[in-house]
Amino acid sequence: MGEHSQEKKLGCGILNAVFRKRNKRSATVDSLTVQNNEVISTNTKKGPSGSDEPSFLDSSVNGPEAISKPCTKQPPNHIKPAAVYQQNQVPKPLEEETKIKHNQASMNPGRKLPKESISISGELESMIVDHQKTKGSNNLIRASSSNMMLHGSLGNLRQPGGGGGGGGGENMTSYNVPKTETEDSTPNGKYPNGVKGNVVKKHDEEKRAERQPASICRVLSTRMDPETLKIMGNEDYKNGNFAEALALYEAAIAIDPNKASYRSNKSAALTALGRILEAVFECREAIRIEPHYHRAHHRLANLNLRLGEVEKAIYHYKQVCPEADPDDITKAKTLQSHLNKCTEAKIQRDWKNLINETDSTINAGADSAPQIYALKAEALLKLHRHQEADEVLLRGPNFNVDDSTKYFGPIANANLLVVRAQVDIVAGRFEDALATLQRAARLDSNNREVNTVMRKAKALADARSNGNEHFKASRFSEACVAYGEGLDHDPHNSVLLYNRAACLSKLGHYDNAVEDCTRALNVRPGYSKARLRRADNNSKLGKWEASIQDYEFLQKETPDNEEVQRGLSDARMQLKKQHV
């Protein structure tokens, strides 16, 4: 990460530390909160994606104890905050000013601030006031009832929906390959496929707006004791405020990057936030600094166990003390037994048993092991349970590609990406699959499966594209043929089956349309569009009972859908007439 990113990381934690538990009646803070009584967001809301495809076609389915670089370099042309403060405030006698500060601090019976933060609070507030005058007051937001933060300097406080994962934050990017706009993100509306709209950010303005908050962080980070930051971080951790604890630990590391306990505590906070691989790297750094740091070894062993790396876990358990805890070793050996059974089931192509063994492995402790979730997804694909395979990967860990490669190695990570691509293919996310396979090829150029799956993805993408073009031009017979060519490569692809059913319905081949819809629903029961088309075609065939059954199912899923309500009402009326 560059220096600018590190500044952003420090922003939130330092400011929270200073403003935590400050009395709301403080004149300076009150003046800020009145101006920012409502949270002001500078993010541009993304609009819905457009599409060139017809609406009736589908395009996709979708206990801390006590590695950042030190941030001690002062920015050029740094304005001394004392001068700004004097311009806005009438100087008070030293004795009176000290008394006021003591009274403000004593009004809050809760957590006491360190002396360092009290002594520089006026300096900090003056810089914030100056920042308001320069950039406008809307760059400040209220983070909680007692804390103030600078918007744009949230640093490591991960925002929901950012990438991150598998446990939140940064661990949400491994499978988030570049998206393409399609007509429908998923067959059932549950699996988003692409970014909606094109949002252009004003990078220069953002950088300028963030420069001064970063300067504030530099001032604070060089004036506060890292041990004090660690203690405050420990308190946040105990209270369940893991993101705030993380920011404080990172601030301590920025001041003293060679203290093993800071790294270990940061690892604990990252673990609590679900950022498992990052936690591993911090534990490794703590052990590098202090090779006999028993607590870091134990923490790293537990993390390795969750990642399914039993040998690494046992090694670090044995570093904790002369004799490892028998319970830890027993747990690790039990997990190894389940992993061996998974390997055996795959070799024998016993897919049902493999699904059971992967579940047992996850329950035995490997709850963050992507290779186990990939094995289960692969077994489900072999059994043509496509929807379940997609759901398994959505529930599993979603690590950053680079972090995953660093931990598991390029070859192992390439294999994980191939499984991800296969799931994307059966879900109709062909462009996503191709992007993922390109990443896999860069990691392991000798992987033959990558090339095989890539050829299949290209063939399916071309078939759908050609079929869509024919459909738009009302050449339904030609569209049927094009979709059929794609189905030659993947006979169970639910999206191509649905699209061909749309063509068959237009041609009046209602029986064949029902058949294709049924095949799509067999592999993806939650494919609402296929169920709706089947209900409609059964109505056209006069099969009112079958039609009503699908409409009633859809009504439970989407009770406000007018098309479903109308179709169900008509089918019931026709069935009633038939019995008269």
Side-chain angles (χ1 to χ4, degrees), residues 59-62 173-180 182 191 193-194 342-343 345-349 351 354 358 369-386 389-390 392-394 396-468 482-497 499 523:
S59 300
S60 66
V61 183
N62 284 2
T173 57
S174 177
Y175 297 138
N176 294 343
V177 295
K179 306 296 184 181
T180 57
T182 56
Y191 309 105
N193 181 47
C342 287
T343 302
K346 183 178 179 181
I347 292 173
Q348 295 178 355
R349 303 178 67 84
W351 306 120
L354 179 56
T358 52
Q371 68 273 27
I372 304 303
Y373 288 88
L375 278 175
K376 184 175 181 179
E378 186 178 1
L380 290 166
L381 290 177
K382 296 294 185 181
L383 296 173
H384 305 303
R385 293 158 62 177
H386 297 172
D390 204 358
V392 163
L393 291 190
L394 286 172
N398 211 356
F399 298 132
N400 174 274
V401 173
D402 293 333
D403 287 345
S404 188
T405 302
K406 181 179 178 181
Y407 182 83
F408 295 104
I411 294 177
N413 197 31
N415 290 330
L416 295 176
L417 292 176
V418 169
V419 176
R420 172 74 261 180
Q422 290 174 328
V423 172
D424 283 337
I425 287 174
V426 298
R429 299 188 293 262
F430 305 136
E431 290 78 9
D432 291 356
L434 288 169
T436 300
L437 289 165
Q438 287 170 1
R439 288 184 177 182
R442 288 194 293 270
L443 292 174
D444 184 7
S445 58
N446 296 321
N447 192 318
R448 295 181 179 180
E449 191 176 10
V450 170
N451 295 326
T452 301
V453 178
M454 187 175 293
R455 285 194 297 270
K456 178 180 178 179
K458 287 180 179 178
L460 294 172
D462 290 343
R464 184 181 63 186
S465 178
N466 293 334
N468 290 352
Y483 294 133
E485 290 174 353
L487 289 167
D488 290 339
H489 295 275
D490 185 4
H492 302 281
N493 191 278
S494 58
V495 172
L496 293 181
L497 286 168
N499 284 3
V523 296

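Scope of the values below: all heavy atoms of this structure, side chains included, with no hydrogens, waters or symmetry mates. Everything numeric here is computed off the predicted structure, so don't read it as measured data.
When all heavy atoms are compared, the tightest approach of Phe408 to Ala412 is O-CB, 3.5 Å. A pairwise comparison of heavy atoms in Ala463 and Glu485 identifies CB-C, 4.5 Å as the closest pair. For Leu416 against Ala374, the heavy-atom pair with the smallest separation is CD2-CB, 3.8 Å. The shortest non-hydrogen separation linking Ala389 to Ala377 is CB-O, 3.7 Å. The minimum heavy-atom distance between Arg439 and Leu417, with the atom names listed, is CB-CD1, 4.0 Å. Considering all non-hydrogen atoms of both residues, His492 and His384 come closest at CD2-CE1, 3.4 Å.
The shortest side-chain heavy-atom distance between Leu496 and Asp490 does not fall under the 4.5 Å cut-off. Lys346 is not listed as a side-chain neighbour of Thr343, based on a closest heavy-atom distance of 4.5 Å or more. Side-chain contact check for Asn468 versus Tyr483: some heavy-atom pair is nearer than 4.5 Å. The shortest distance between side-chain heavy atoms of Val523 and Val426 does not fall below 4.5 Å. No side-chain heavy atom of Leu497 sits less than 4.5 Å from a side-chain heavy atom of Asn493. Using a 4.5 Å heavy-atom cutoff, the side chains of Ile425 and Phe430 are in contact.
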Exercise for the section: Could you give me the CA-CA distance, side-chain angles and deciding distance for Arg349 and Lys382, then say whether side-chain contact (heavy atoms from CB on, under 4.5 Å) is met? Expected result: CA-CA 9 Å; Arg349 303 178 67 84; Lys382 296 294 185 181; 4.2 Å; yes
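The pair Asp402-Lys406 does not meet the salt-bridge criterion, since no charged nitrogen lies less than 4.0 angstrom from a carboxylate oxygen. Contact check on Arg385 versus Asp390 returns no salt bridge, with no Lys/Arg side-chain nitrogen under 4.0 Å from an Asp/Glu carboxylate oxygen.
A donor-acceptor pair under 3.5 Å is absent between the side-chain atoms of Asp444 and the main chain of Pro410, judged by distance alone. The backbone N or O of Leu354 lies less than 3.5 Å from a partner atom in the side chain of Thr358, making a donor-acceptor pair.
Residue Asn499 holds its CG atom at 9.5 Å from OG of Ser494, rounded to the nearest 0.5 Å. Rounding to the nearest 0.5 Å gives a distance of 5.0 Å between CD of Gln422 and CD of Glu449. We find the CG-NZ distance between Leu437 and Lys458 to be 9.5 Å, quoted to the nearest 0.5 Å. Distance check: Leu381 CG to Trp351 CH2 gives 10.0 Å after rounding to the nearest 0.5 Å. Rounding to the nearest 0.5 Å places CG of Leu460 at 12.5 Å from OG of Ser465. Atom-to-atom distance recorded for Thr436:OG1 and Arg429:CZ is 9.5 Å, nearest 0.5 angstrom.
In the displayed structure, Leu383 atom CG is contacted under 6.0 Å by more than 12 heavy atoms of other residues, nucleotides or ligands.
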